[in-house]
Amino acid sequence: MQLNPREQAHLDAAIYFTAIRGADPRTRTREQFATKEAAIAYAESHGDRRTMIYAVSAVGSAHIMNA
């Protein structure tokens with residue numbers, strides 16, 4: 001996983017992770033997880049690599065991967 005410095009800073013300071021699915025805001029889903037591994041496991045359960053994983057820190061968030 002190649003992250004830029006801002007993304008890496010959010011990952012290093014993450015207080016939780018989100019997994020977001022859906023292009024249309026009306027049907028988009030967002031799940032919250034305590035760990036990156038839990039968010040990835042949720043994403044992989046869909047089997048389509050269309051889930052965006054975000055690291056959320058006290059000062060913001062950053063997209064870190066699709067899973």
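Note that the structure is a prediction, hence the values are computed from the model and not measured.
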Crowding at CZ, Arg28 (>12 non-hydrogen neighbours, <6.0 Å): yes
Is a side-chain donor-acceptor pair under 3.5 Å present for Asp12 with Gln8? yes
Is it true that the side chains of Thr51 and Arg21 contain a donor and an acceptor less than 3.5 Å apart? yes
Can you confirm whether or not the ring centre of Tyr16 sits under 6.0 Å from the ring centre of Phe33? no
Measuring from atom [atom1] of [X] to atom [atom2] of [Y], what distance do you get when rounded to the nearest 0.5 angstrom?
X: Arg49; Y: Glu44; atom1: CZ; atom2: CD; answer: 8.0 Å
X: Tyr54; Y: Arg30; atom1: OH; atom2: CZ; answer: 10.5 Å
X: Glu7; Y: Ser61; atom1: CD; atom2: OG; answer: 10.5 Å
X: Ile64; Y: Leu11; atom1: CD1; atom2: CG; answer: 5.0 Å
X: Ile15; Y: His10; atom1: CD1; atom2: NE2; answer: 11.0 Å
X: Thr35; Y: Phe17; atom1: OG1; atom2: CZ; answer: 7.5 Å

Connected via hydrophobic side-chain network under 4.5 Å: Leu3 and Met65: yes
Give the minimum heavy-atom separation between Ala39 and Ala19, together with the two atoms involved. O-CB, 4.3 Å
Show, in sequence, the C-alpha distance, side-chain angles and deciding distance for Ile20 and Thr29, and conclude whether the side chain to side chain contact (heavy atoms under 4.5 Å, CB included) test is met. CA-CA 6 Å; Ile20 301 173; Thr29 62; over 6 Å; no
